[in-house]
Amino acid sequence: MRTNRRPDLAEELREIRRRLRLLEGLRPPAPPAAFTPVRPLDWPGTGSADWEPLLVAAVPAGEVEILLSGLVSAGAAAVRVLVDGEPAGAELAWAEGVAGDTMLVRLDRAAEITVAARVREDGAEVRVQAVLGTAVRAVLAVPSGPA
């Protein structure tokens with residue numbers, strides 16, 4: 001026979017722990033995240049005067065903040081962000097040295113975001129790293145395929 005009594009502290013704690021385990025089981029798993037190279041020499045780069053895709057990521061619909069970092073040696077370079085192959089805003093002009101920009105992109109549907117770069121002077125080289133922020137926490141990956 002069960003009596004209507006107030007549970008003691010140990011019973012309340014067990015019930016709180018049980019509910020917490022249930023709630024933790026309902027939470028969606030966090031998306032995998034990768035570390036990004038810290039040294040600019042490890043970032044993908046190009047010395048080409050033609051646009052070259054350096055980073056690519058598949059991104060779900062929503063608002064995405066793209067944090068761009070770069071290193072330009074011996075000249076000037078340009079960087080642009082493409083959404084499904086179409087430019088997302090103006091190209092970014094980077095001078096020699098360390099550079100960085102932030103771009104906000106709103107996606108109505110899942111899309112592929114590509115970061116491309118080119119140099120504007122012979123002998124120059126640009127290296128780029130990009131990280132997705134805000135609603136998406138993922139690192140852009142180096143595209144695979146023929147060089």
Side-chain angles (χ1 to χ4, degrees), residues 7 9-147:
L9 191 57
E11 290 172 330
E12 283 187 40
L13 182 59
R14 276 194 297 276
E15 180 63 16
I16 289 171
R17 286 182 177 161
R18 184 187 70 78
R19 289 181 182 185
L20 184 60
R21 279 193 308 272
L22 287 173
L23 288 173
E24 286 175 342
L26 299 176
R27 185 176 11 168
F35 288 101
T36 60
V38 176
R39 300 179 316 166
L41 293 176
D42 294 334
W43 298 348
T46 184
S48 173
D50 296 325
W51 287 110
E52 188 172 330
L54 298 178
L55 301 161
V56 65
V59 180
E63 192 173 84
V64 178
E65 183 179 28
I66 304 169
L67 310 167
L68 297 161
S69 300
L71 178 65
V72 181
S73 60
V79 176
R80 69 179 179 184
V81 174
L82 306 166
V83 176
D84 287 336
E86 297 297 319
E91 74 178 49
L92 307 168
W94 287 356
E96 185 173 344
V98 177
D101 280 292
T102 302
M103 181 179 281
L104 188 63
V105 178
R106 287 183 180 85
L107 303 172
D108 297 334
R109 57 181 170 37
E112 181 179 88
I113 293 180
T114 304
V115 178
R118 68 177 177 172
V119 296
R120 295 185 174 193
E121 300 172 22
D122 287 339
E125 183 180 35
V126 59
R127 295 189 172 275
V128 178
Q129 181 58 286
V131 177
L132 299 175
T134 311
V136 178
R137 295 279 181 214
V139 175
L140 293 165
V142 176
S144 61

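Below, each value reflects all heavy atoms present in this structure, side chains not excepted, and no hydrogens, waters or symmetry copies. Along the sequence shown, residues are numbered consecutively beginning with 1.
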Indicate every side-chain donor-acceptor pair of residues 43-51 with a distance under 3.5 Å to a residue at least two apart or in another chain.
from, atom 1, to, atom 2, distance (Å)
Trp43, NE1, Pro37, O, 2.8
Thr46, OG1, Ser48, N, 3.0
Thr46, OG1, Glu52, OE1, 2.7
Ser48, OG, Asp50, N, 3.0
Ser48, OG, Asp50, O, 3.3

Practice task
Check the pair Val119, Val126 against side-chain contact (heavy atoms from CB on, under 4.5 Å), reporting the backbone distance first and the verdict last.
Solution key: CA-CA 7 Å; Val119 296; Val126 59; 4.2 Å; yes

Handout entry: Stepwise side-chain contact (heavy atoms from CB on, under 4.5 Å) check, Gln129 with Leu55
Key = CA-CA 8 Å; Gln129 181 58 286; Leu55 301 161; 4.1 Å; yes

Practice task
Determine, stepwise, if the pair Val79 / Asp101 fulfils side-chain contact (heavy atoms from CB on, under 4.5 Å).
Solution key: CA-CA 10 Å; Val79 176; Asp101 280 292; over 6 Å; no

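Sorted by first and then second residue, the side-chain hydrogen bond (donor to acceptor under 3.5 Å, both in side chains) pairs involving residues 74-86 (not counting sequence neighbours) are Asp84-Arg109.
Residues meeting the side chain to side chain donor-acceptor pair (under 3.5 Å) test with Arg14, sequence neighbours left out: none.
The nearest pair of heavy atoms linking Gly123 to Ala74 is O-CB, 3.8 Å. Closest approach of Thr102 and Glu65 over heavy atoms only: CG2-OE2, 3.3 Å. Taking both residues in full, the closest heavy atoms of Gly75 and Glu121 are given as CA-OE1, 3.4 Å, listed atom of the first, atom of the second, then distance. Residues Ala117 and Val128 come closest through the heavy atom pair CB-CG2, 4.2 Å. Leu132 and Ala57 make their closest contact through CD1-CB, 4.2 Å (heavy atoms, listed as atom of the first residue, atom of the second, distance). Across all non-hydrogen atoms, the minimal contact from Pro60 to Leu107 is O-CD1, 3.7 Å.
Around atom CG of Leu20, more than 12 heavy atoms belonging to other residues, nucleotides or ligands sit under 6.0 Å away.
Interatomic distance, Ile66 CD1 to Ile113 CD1, rounded to the nearest 0.5 Å: 4.0 Å. Taking CG of Leu82 as the start and CD of Glu91 as the end, the distance is 11.0 Å to the nearest 0.5 Å. Taken from CG in Leu71 to CD in Glu96, the straight-line distance is 9.0 Å, to the nearest 0.5 Å. Atoms CD and CG, on Glu63 and Leu104 in that order, are 4.5 Å from each other to the nearest 0.5 Å.
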